[in-house]
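Encoded as structure tokens, the structure appears first; notes follow it.
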Number of protein chains: 2
Amino acid sequence: MNQRLMDVPNAPSTRAATVLEELRNAVCNGQFAPGERLHEVRLTEQLGASRTPVRAALQKLASEGLLDHAPNHGYRMREFPVAEIVYAFELRAVLEGLAARLAAERGLSSEHQRLLEQSLYDGDRLLSRGVLIEGDRAAYSTINTCFHQTVHAAAGSRMLQDMVRLCRQVPISSPRMIVEFEYRDVRRRHDDHQRVFEAILGREAWRAEMLMRDHVMYLKTAMIRSLPTRAAAIELRYSPEEASPE
Amino acid sequence: MNQRLMDVPNAPSTRAATVLEELRNAVCNGQFAPGERLHEVRLTEQLGASRTPVRAALQKLASEGLLDHAPNHGYRMREFPVAEIVYAFELRAVLEGLAARLAAERGLSSEHQRLLEQSLYDGDRLLSRGVLIEGDRAAYSTINTCFHQTVHAAAGSRMLQDMVRLCRQVPISSPRMIVEFEYRDVRRRHDDHQRVFEAILGREAWRAEMLMRDHVMYLKTAMIRSLPTRAAAIELRYSPEEASPE
DNA sequence: TGGGAGCATTTTGTATACATAAATGTTTGA
DNA sequence: TCAAACATTTATGTATACAAAATGCTCCCA
């Protein structure tokens, strides 16, 4: 049986959870400039809760890598240079590649298989018209998320799931990254999904890994293509700093 | 110049930092049984601080994945089945592989190159006797850590470094994993380092990734070999659960 | 005997007062 | 005019009191 079917979806029971959710949204949507300080008392007024839950939220976000914290100096918004955003995609690529491989090695549960087939079917239907219309963007995003999350779940490692989540919540700060959404592009991504699914189902571990990895790398290149200024692209030709390690 | 050379090494300035350090050690060394509850007040007495810093430490450890937390139900020690520990090695393998590739793509700073050469030189010296003596274990551990951390730093991604750190602090609970420490074994690992370094220095990105990845996978197999009971090994022939995803 | 309602206890969540450290601004001396 | 030291302000760290939720227990009743 499906446990927890009747749960109220994500009703934050405690004030700490509410505050955390609001703060995370604010942080991820670029409400704070890089390096900006987040004063506890100011947030207190802004969020309508005492310092305790606010501090809890700040600590959590800091440990997720979104904020910086120095003892007795409070929290600051982290800076996310373009290079770090690109690295997040590289990380996702190897992590999701690993997830696909593990899923192939373990095999799919019937429920996971059903979910994957469902999302492939929905994608087929969406693309069957040959053109994309208003609202398809959100619909495909849902389908896409379902496919990926199911693969992560099928890999069976909580740590892996957590890490992918961390990669995905990196604030795409400056250039409000708009991933391309032309028919050809979505078609390509959907075909990728199809192949990954076949590889997992056929227990072709190595192939599943490579396909998924390249699938995410494709997103990376799309993101880089969408960078508005040439300056951002130049920022990517980083060179190693002479800073001392660790 | 080397900045921060005269720092007192890791003197935890605040009580919260002290408590966090102590609690993390306790948790990682298996002081708590899987599923055991960690009462705030009890820890308060045990650690000699009020609930505030204790709670902060608990929250941090929970967000690192070492503890579980349910609102109004407190914190519990997480369970780490053998499979999850093996997954941690798989994760390390792909993450450190990525680190080696990025280091090769970016190129080494002179300081990073120096550190890598130093650790290789030290390893050579340690192994030149042809046998291992008392104390070599700790010495090689230091050398090994230096090599790996330098590669991570050379990759230039903080998120990557954080994730590797998470992988490395998984509590090796049940079978107090003793990695083999025979001469042949250490020799092999040292040779791996040598090759990885050459690949990075020669900007052979793909080769660096594969070599590092396999280097860590070798550790994984050594760990599995060292599992005491056959029961643990059987535990690895996991099959997908029929649980509902997400 | 079994089950459940209701109270007591325990434990966590929240607010807040106080302590302490940083940052700021001002005064004073050369 | 500048700088160093002191005083003031501000912000974070810590402790604790109170509120609310969960747990466990007793006792009653069918």
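To find a chain, count down the sequence lines: A is the first, B the second, and so on, and within it residues start at 1. Since the model is a prediction, treat every value here as computed from it, not as a measurement.
Remark: B:Arg55 is in phosphate contact with C:dG13, judged by side-chain N or O atoms under 4.0 Å from OP1 or OP2. Regarding contacts with the backbone of D:dA15, a side-chain N or O of B:Arg15 is found under 4.0 angstrom from either OP1 or OP2. Applying the 4.0 Å criterion to OP1 and OP2 of D:dG13, one finds that A:His69 has a side-chain N or O inside that range.
A:Gln59 places its CD atom 8 Å from the P atom of D:dG13, with the value rounded to the nearest Å. For the pair B:His73 NE2 and D:dA21 P, the interatomic distance rounds to 12 Å; values are reported in whole Å. A:Arg51 has its CZ atom 7 Å from the C1' atom of D:dG13, to the nearest Å. Between A:Arg76 atom CZ and C:dA23 atom C1' the separation is 12 Å, expressed in whole Å. Between the P atom of C:dT10 and the CZ atom of B:Arg42 lies a distance of 12 Å, rounded to the nearest Å. For B:Leu20 and D:dG13, the CG to C1' distance is 15 Å, given to the nearest whole Å. What separates CD of B:Glu40 from P of D:dT16 is a distance of 15 Å, to the nearest Å. B:Glu36 has its CD atom 16 Å from the C1' atom of C:dT11, to the nearest Å.
Heavy-atom nearest nucleotides on DNA chain D were determined for B:Arg37 and for B:Gly48, and the one closer to the 5' end corresponds to B:Gly48. Nearest-nucleotide positions on DNA chain C place B:Tyr75 closer to the 5' end than the other of B:Tyr75 and B:Thr52. Nearer to the 5' terminus of DNA chain D, by closest-nucleotide assignment, is the contact made by A:His39 (compared with the other of A:His39 and B:Pro71).
Put simply, the side chain of B:Arg76 gets close to the backbone of B:Gly35: a donor and an acceptor are under 3.5 Å apart. Although no hydrogens or angles enter the test, the distance criterion places no donor-acceptor pair under 3.5 Å between the side chain of A:Ser141 and the main chain of A:Arg137.
When each of A:His152, A:Arg101, A:Arg213 is checked for a side chain to side chain donor-acceptor pair (under 3.5 Å) with A:Glu96, only A:His152 meets the rule. When each of B:Met217, B:Met163, B:Arg168 is checked for a side chain to side chain contact (heavy atoms under 4.5 Å, CB included) with B:Arg92, only B:Arg168 meets the rule.
Out of C:dT11, D:dA15, D:dT12, the shortest distance to the side chain of B:Ser50 is found at D:dA15. For B:Ala16, taking side-chain heavy atoms from C-beta onward, the closest of the listed nucleotides D:dA17, C:dA21, D:dT14 is D:dT14.
Aromatic ring centres of B:His148 and B:His215: separated by under 6.0 Å.
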